[in-house]
Amino acid sequence: GTIGMMAIEGTMFAIVIASYFYLRTRTSDWPPGLMPPALRYGLLNTAWFLISVVPNQWTKSAAEKGHLQRTRIGLLIMTAMGVVNIVFRGFEFSWLNCQWDANAYASIVWILLGLHTVHLLTDWFDTAVLTTLFFTGPLDGKRYMDASENADYWYFVVLTWLPLWFVIYIAPRVL
């Protein structure tokens with residue numbers, strides 16, 4: 001189920017990215033009448049996403065081996081890391097150098113960042129709920145599988161961010 005959902009959502013991101021590049025072919029000024037987004041928070045968030053892969057894998061491995069304490073610690077770390085990603089994301093929105101309704105470019109950039117933010121928030125919420133369950137119990141083997149699948153979903157969040165980061169932050173500067 002999780003893999004199917006990731007395939008559907010990945011396709012949705014691909015369609016929105018294709019729309020971005022279609023719009024790019026319709027004007028010689030890109031972004032049209034606007035400055036590209038500031039790089040600082042996009043770079044910080046990207047670096048934080050990449051760093052998060054290490055504790056995410058550690059948590060996934062601990063859950064798959066049924067190590068209660070390690071899984072708890074990993075879930076706490078991932079919950080905290082998700083908060084940092086969410087804070088950086090708030091700054092990203094404020095440094096896009098456009099409002100969502102300025103033009104088609106602005107709308108598509110806000111859609112890309114907004115859709116990814118929904119995935120970021122969804123995974124963070126799921127991680128926070130799992131963390132609570134692991135500390136309050138009762139636990140069964142299913143919860144360890146839930147923690148492992150949650151880690152898989154985090155990989156999806158990180159991996160989809162990389163091309164989105166390129167489209168949002170680099171493409172307006174080089175294409």
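Please read all numbers here as calculations on a predicted model, not as lab measurements.
- Side-chain contact check for Tyr20 and Arg24: no donor-acceptor pair (N or O, by modelled atom type) lies under 3.5 Å.
- By the 30° and 60° cut-offs, the orientation of the rings of His116 relative to Phe13 is tilted.
- The minimum heavy-atom distance between Ala106 and Leu34, with the atom names listed, is CB-CD1, 4.4 Å.
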Intermediate values then yes/no, side chain to side chain contact (heavy atoms under 4.5 Å, CB included), Trp124 and Met78: CA-CA 8 Å; Trp124 178 82; Met78 290 308 297; over 6 Å; no
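- Between atom NZ of residue Lys65 and atom OG of residue Ser148 there is a gap of 12.0 Å, rounded to the nearest 0.5 Å.
- Although no hydrogens or angles enter the test, the distance criterion places a donor-acceptor pair under 3.5 Å between the side chain of Trp110 and the main chain of Cys98.
- Annotation: salt bridge (Lys or Arg N to Asp or Glu O under 4.0 Å) contacts of Arg89 (sequence neighbours excluded): Glu92.
- Checking Thr127, Thr132, Asp126 one by one against Leu130, the side chain to side chain contact (heavy atoms under 4.5 Å, CB included) holds for a single residue, Asp126.
- In this structure, Trp165 has its ring center at least 6.0 angstrom away from the ring center of Phe49.
- Using modelled atom types, one side-chain atom of His119 and one backbone atom of Leu115 make a donor-acceptor pair closer than 3.5 Å.
- The line from CD of Glu149 to OG1 of Thr2 is 4.0 Å long, rounded to the nearest 0.5 Å.
- The aromatic rings of Tyr169 and Trp161 lie perpendicular to each other, with more than 60° between the two planes, well past the 30° mark.
- Residue Leu76 is not grouped with residue Leu120 when hydrophobic side chains (ILVMFWY) are merged at heavy-atom distances under 4.5 angstrom, including chains of intermediate members.
- Under a cut-off of 6.0 angstrom, the local environment of CZ in Phe93 is crowded, with over 12 non-hydrogen atoms contributed by other residues, nucleotides or ligands.
- To the nearest 0.5 Å, atom CG of residue Asn56 and atom CE of residue Met81 are 9.5 Å apart.
- In this structure, a donor-acceptor pair under 3.5 Å is present between the side chains of Trp154 and Ser52.
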Thr25 and Tyr22: CA distance, side-chain angles, deciding distance, side chain to side chain contact (heavy atoms under 4.5 Å, CB included) verdict: CA-CA 5 Å; Thr25 67; Tyr22 171 78; 4.2 Å; yes
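- At least one donor-acceptor pair closer than 3.5 Å links the side chain of Arg173 to the backbone N or O of Pro37.
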Side chain to side chain contact (heavy atoms under 4.5 Å, CB included) between Ile73 and Arg70, worked out: CA-CA 5 Å; Ile73 292 167; Arg70 289 180 185 170; 5.7 Å; no
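- Here the CG atom belonging to Asp146 is positioned 11.5 Å from the OG1 atom belonging to Thr71, to the nearest 0.5 angstrom.
- Not less than 6.0 angstrom separates the ring centroid of Phe91 from the ring centroid of Phe88.
- At a threshold of 4.5 Å between side-chain heavy atoms, the hydrophobic network of Ile, Leu, Val, Met, Phe, Trp and Tyr places Leu75 and Ile86 in two separate groups.
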Test log, rule side chain to side chain contact (heavy atoms under 4.5 Å, CB included), inputs Tyr41 and Ser94: CA-CA 10 Å; Tyr41 293 106; Ser94 65; 5.9 Å; no
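- Phe135 pairs by the ring pair (Phe, Tyr, Trp, His ring centres under 6.0 Å) definition with nothing, not counting sequence neighbours.
- Relative orientation of the Tyr144 and Phe134 rings is perpendicular, given thresholds of 30° and 60° on the angle between their planes.
- In terms of heavy atoms, Trp58 sits closest to Gly74 at CZ3-N, 3.6 Å.
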